[in-house]
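Here the structure comes first, spelled out in structure tokens, and everything after it is commentary.
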Amino acid sequence: MDALDGARAQIRRIPLENISSLARGAFGDPSIIPLWFGEGDVEAPAFIGVAMAEAIKAGHVFYTHQNGIPELRQTLADYLTGLGARPVTADRITVAFSGMYAIMLAIQLTCEAGDNVIAIDPVWPNTGGAARLVGAEVRSARMDHGQGGWSVDPEKVAAQMDGRTRAVFFASPGNPTGAMVPLETQKALLDLCRARGVWLIADEVYNRLAFGRNAAPTILDIADPEDRLIVINSFSKSWAMTGWRLGWMVHPPSVGPTLAMMVQYTTSGVSTFLQHAGVAAIREGEPFVAWMRGYVEDGMGIVCDALEALPRVRLGPRPQAGMYAFFEIDGMPDSRRACLDILEKTRVGLAPGVFFGPGSETFLRACVCRKPEVLREAMGRLSAVLR
């Protein structure tokens, strides 16, 4: 008998395959162009590291506030108030060890074994994984995919809900689709959740990577502070801080003290010097965010130009946000097998759509956050085998 047999049933059932499984054994191989993860080749700007080092030198290395240091919470509140149409106060902010940990907190706050979460997909798979860890069922409400791109149908969401539904999760801009959910659709989701007494969890991690605009539409512009709404965000994408593991969540003021205790019982709080780096990123980082948006938009153009030139590829309208192209290839119905074949023949790593929800088994995802010359090389390799 293995020791794992003594673990909780939910833990024993965790699938041991994901996107990183495909890449296992390929890490560090210089011949591979890795477009499989949601991570680019850009390092965080130097001033963020300087701020962290200065915080360490200044002695910011001890236990701290579980919701986050007051300076960062206020900085984030001011930042969100400046971006949106409604003010956000500091008592609605909790800082987290990454956006993923913020999602885990949101799931633990809202769900328990036997409940269900409605995931509007295609969507990043980790949210469903977090729900399964607590014993909740994940139900799919698949987005429509037509000539206008990807869109959310609130009636599909309502059809999946029952008396055990505790949360609805959506991402805008989406990963992997890049779809921005219009504010009127977000309002329909919010109204649905209000009527059912259900939590709405919105992933806005790619909010600043909306092409041709300062930010994507945010549900914070139409929500009341005490709505059962949690908005997830992260420093990982717009500030190129994937390895720093720093994020935040916006929540009703009334749940702040409870979240503080949840943090106390898990991580005891985010490293103080990392939070000071976050303050610097927000206060000084707007020029970098604008540059990052342009960098990803340029990458999207390179990748989509190449994909649209391949008759076997079905891409649909170009994404107007995010950092991914999500597409199908005629003759490759099994995305897992397709990614393995493409990796072997081209040394280009792509992510299989099978991980992004039911109905996405034929899709592949490519991250476009790479140097132009690297993306052109990758697309040249792909073109040679996909024509």
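On a predicted model such as this, the values are computed, not experimentally measured, just so you know.
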Checklist outcome for this item: The complete set of side chain to side chain donor-acceptor pair (under 3.5 Å) pairs with one or both residues in residues 338-347, sequence neighbours excluded, reads D29-R347, S31-R347, R337-D341

Checklist outcome for this item: Those residues at least two apart in sequence (or on a different chain) that pass salt bridge (Lys or Arg N to Asp or Glu O under 4.0 Å) with E39 are none

Checklist entry - Of all residues at least two apart in sequence or in a different chain, which pass the salt bridge (Lys or Arg N to Asp or Glu O under 4.0 Å) check with R12? => result none

Item to check | Between S254 and E226: side-chain donor-acceptor atoms closer than 3.5 Å | outcome: yes

Next on the checklist: If we ignore hydrogens and angles and just use 3.5 Å, is the side chain of D5 paired with the main-chain N or O of D2 as donor and acceptor?
Outcome noted: yes

Item to check | Step-by-step side chain to side chain contact (heavy atoms under 4.5 Å, CB included) determination, L133 to Q108 | outcome: CA-CA 9 Å; L133 281 180; Q108 290 175 325; over 6 Å; no

Item to check | Main-chain N/O of E155 paired with D153 side-chain donor or acceptor, under 3.5 Å | outcome: yes

Item to check | Whether T218 side chain and D221 backbone form a donor-acceptor pair below 3.5 Å | outcome: no

Item to check | Summary of ring-ring contact (aromatic ring centres under 6.0 Å, His included) pairs that have at least one residue in residues 184-227, sequence neighbours excluded | outcome: Y206-Y324

Checklist entry - Going by side-chain heavy atoms closer than 4.5 Å, which hydrophobic residues are tied to M261, directly or by a chain of links? => result Y265

Checklist outcome for this item: The complete set of ring-ring contact (aromatic ring centres under 6.0 Å, His included) pairs with one or both residues in residues 121-145, sequence neighbours excluded, reads H145-W150, H145-F363

Checklist entry - Are the side chain of Q320 and the backbone N or O of R318 linked by a donor-acceptor pair below 3.5 Å? => result yes

Next on the checklist: Applying salt bridge (charged side-chain N to carboxylate O under 4.0 Å, His left out) as the test, list every pair that has at least one member in residues 204-214; sequence neighbours left out.
Outcome noted: R208-E286

Checklist entry - Partners of R336 by salt bridge (Lys or Arg N to Asp or Glu O under 4.0 Å), sequence neighbours excluded? => result E17

Checklist entry - Tell me, which pairs form a side chain to side chain donor-acceptor pair (under 3.5 Å) where one or both residues lie in residues 357-371, sequence neighbours left out? => result R142-S360, N175-R365, E328-T362

Item to check | Results of ring-ring contact (aromatic ring centres under 6.0 Å, His included) for F235 - residues two or more places apart only | outcome: W239, W248

Item to check | salt bridge (charged side-chain N to carboxylate O under 4.0 Å, His left out): pairs with one or both residues in residues 160-187, sequence neighbours excluded | outcome: D115-R164, D115-R166, R139-D162, K187-D191

Item to check | Considering all heavy atoms, the nearest G278-L246 contact | outcome: CA-CD2, 3.8 Å

Checklist entry - Restricting to pairs with a member in residues 60-75, which pass salt bridge (charged side-chain N to carboxylate O under 4.0 Å, His left out), not counting sequence neighbours? => result E71-R283

Checklist entry - If you take all heavy atoms of P173 and G322, which pair is closest and at what distance? => result CB-N, 4.4 Å

Checklist entry - Taking NZ, NE, NH1 and NH2 as the nitrogens, is one of them in R381 or E377 under 4.0 Å from a carboxylate oxygen of the other? => result yes

Next on the checklist: Donor-acceptor pair, distance only, cut-off 3.5 Å: does the side chain of Q275 make one with the backbone of V270?
Outcome noted: yes

Checklist entry - Counting distance only, does the side-chain N/O of D121 pair as donor-acceptor with the main-chain N or O of F356 below 3.5 Å? => result no

Checklist entry - Going through the distances and angles, do R376 and I302 end up as a side chain to side chain contact (heavy atoms under 4.5 Å, CB included)? => result CA-CA 7 Å; R376 291 190 183 98; I302 292 168; 3.9 Å; yes

